[in-house]
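Before I ask anything, let me first share the structure, which is written out below as structure tokens.
FYI, side chains are in, hydrogens and waters are out, and symmetry mates aren't considered; it's all heavy atoms of this structure. Small disclaimer: the values here were computed from a predicted structure and weren't measured.
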Protein chains: 2
Amino acid sequence: MADEITRTPIYQQVAARLAQEIANGTYEPGSLLPSETQLMERYSVSRPTARAAIAELRQLGLVESQHGKGTFVRRATEPTVTLDQSITRTGKTFHAYDRQFQETEAPHGTRIHTKGTTSTLLQEPDGVPAFAIDRILTDPTTGLRALHRAVIPFDTAQEIPDLQAHPEAGPTTIYAQLSTAGHTLHWTDDIRARIPTPDDRATLHAPTSSCLLVVHRITHGADRPLMLETLTIDADQAHLTYPHTAARAQPRRA
Amino acid sequence: MADEITRTPIYQQVAARLAQEIANGTYEPGSLLPSETQLMERYSVSRPTARAAIAELRQLGLVESQHGKGTFVRRATEPTVTLDQSITRTGKTFHAYDRQFQETEAPHGTRIHTKGTTSTLLQEPDGVPAFAIDRILTDPTTGLRALHRAVIPFDTAQEIPDLQAHPEAGPTTIYAQLSTAGHTLHWTDDIRARIPTPDDRATLHAPTSSCLLVVHRITHGADRPLMLETLTIDADQAHLTYPHTAARAQPRRA
DNA sequence: TATCATTTGTTCGTATGTATC
DNA sequence: CGATACATACGAACAAATGAT
């Protein structure tokens, strides 16, 4: 690289140049990037440097390497699955995003004590006993997998016999139970994003995923949070939509 | 590493072990991880292997390296800034998240032709002429920076003299203008997450950021999309909240 | 089926640059 | 200035996956 003065590392210069060539179409989506050996010759760098440049592109999500085959330019991949996050009701029946998913495995319930973010979102101290029900949801048309966890404090479950007997019911079923028990429900969705752990990638079957969207949905009664749902999806494959309107401004609760 | 049989790479074994020791508190948040030289001795590996292990932890967001000082265990960092994404109005005045931000620089307007995701979200073909107004917003209490881009098709601007004269007005101002022009407004937020480019990191002043949250907000009139806003923030520092209630289920527009 | 060339993955060794204290 | 630490860069070797011969 003809750059002796600036302090930009060589591998970043190579990466930047390759990124530009991908952007302008020199290397087309789906095509093979030059092999490490070829990059060594072309840019007069060592193999570790060529590898570092490719690693940079991988981290940016521009390319994908396959052992024994080569490094491919990733196709610009817009998230395809749209998750409408609005909740609707018709009479006593609630509808939410879980309607578009199938359960591939039986839900797995455990008893936990809340802590950390869970406690914060439920506005409870740490150590409150609760049911935790984990599910793997699958979108049948695309194969997208999502992780769903529902956390139901014992306090909430105790009010409602049906809920206590079957905490592993689906969220919309629980909404209906809470509603018929006299609660006026509203929700707060809390949306974050984070890097997947290797475990996340395995359970979501998304080995190349780069970011996860995490939606915490808190179901509120009139005075306090009643349950917490957490939905985790691959941000490369799915995105969220929220239809909404302007509400009349009102004095906020403390 | 006493592992001659399994095919797990050594650097991943070291990384997994360090990750566990970080999780169980052997290495406390904020403390210094053993240096590369120490890791070489402790695990009987070479420097590149020790470095690869640390790189793995960096990618998982568990540690942060500082040139000349060492590698530190990152404090478990919950996003601190909460962006309430609801829109409220009092009379003719609209309020949105932009109320909690300051503009550090003057907005930068250009004329563009829509393409790609922008066209899709505006439900227009590619090549439609539009104003694009870019802003850098700053939360004064925390220093969080956010990127904001408003895309206003000429079709929308032409209806409204004030808007055409000053397309660089803030979103809530534009909502008011559209509303007084007779439009009944509603919004659809489209939420995605992606890895930051080096440019993103620079403009957001978030060199260690791992994921970005991207919110596309489409302002709809009665029949068609009127404008598109895009808000980009560091997911490590901020999260979004959407308060909502169950709407009556209604037949959907095609 | 077996072999071989190609390609990426892993691991070692070593040297130099540069930031920090 | 020197010691320590991470960053960059080169060279070399072998392993493992892939596809073609």
Fill in: Watson-Crick or G-U wobble partner of C:dT1, both distances under 3.5 Å
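Because no pair has both required distances under 3.5 Å, C:dT1 counts as unpaired.
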
Item to complete: Sort and list the pairs that fulfil salt bridge (charged side-chain N to carboxylate O under 4.0 Å, His left out) and have at least one residue in residues 207-218 of chain A, not counting sequence neighbours.
Response: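 Of all non-adjacent pairs touching residues 207-218 of chain A, those that pass salt bridge (charged side-chain N to carboxylate O under 4.0 Å, His left out) are A:Asp189-A:Arg217.
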
Practice prompt. Shoot me the first and last contacting nucleotide of DNA chain D against chain B, ordered 5' to 3', at under 4.0 angstrom to non-hydrogen atoms.
Written response: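 In short, chain B contacts DNA chain D from D:dA5 to D:dA16.
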
Fill in: Partner residues of B:Ser31 under the side-chain hydrogen bond (donor to acceptor under 3.5 Å, both in side chains) criterion, sequence neighbours left out
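Not a single residue meets the side-chain hydrogen bond (donor to acceptor under 3.5 Å, both in side chains) criterion with B:Ser31.
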
Worksheet entry | B/S/- contact track for nucleotides 4-13 of chain C, protein heavy atom under 4.0 Å | ---BBBBSBB

Discussion item. From CD of B:Glu64 over to C1' of C:dA19, roughly how many Å is that when rounded to an integer?
Written reply: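 For the pair B:Glu64 CD and C:dA19 C1', the rounded distance is 16 Å.
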
Worksheet entry | For B:Glu36, salt bridge (charged side-chain N to carboxylate O under 4.0 Å, His left out) partners two or more places apart |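 Per chain and number, B:Glu36 pairs via salt bridge (charged side-chain N to carboxylate O under 4.0 Å, His left out) with B:Arg47, B:Arg51.
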
Worksheet item: Which pairs with one or both residues in residues 105-128 of chain A pass salt bridge (charged side-chain N to carboxylate O under 4.0 Å, His left out), sequence neighbours excluded?
Response: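 For residues 105-128 of chain A, and leaving out neighbouring residues, there are no salt bridge (charged side-chain N to carboxylate O under 4.0 Å, His left out) pairs at all.
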
Worksheet entry | Those residues that, when tested against B:Arg58, pass side-chain contact (heavy atoms from CB on, under 4.5 Å) (two or more places apart) |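 Residues passing side-chain contact (heavy atoms from CB on, under 4.5 Å) with B:Arg58: B:Ile54, B:Ala55, B:Val63, B:Ser65.
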
Practice prompt. Spell out, as yes or no, whether a donor-acceptor pair under 3.5 Å connects the side chain of A:Thr188 to the backbone of A:Ile218.
Written response: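 It does not hold such a pair.
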
Item to complete: Only pairs at least two apart or in different chains count here, so list each salt bridge (charged side-chain N to carboxylate O under 4.0 Å, His left out) that has a residue in residues 130-140 of chain A.
Response: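 Found A:Glu103-A:Arg135, A:Asp134-A:Arg149.
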
Item to complete: Determine which pairs satisfy ring pair (Phe, Tyr, Trp, His ring centres under 6.0 Å) with at least one residue from residues 47-70 of chain B, sequence neighbours left out, and list them in order.
Response: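 Output for this query is empty, none listed.
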
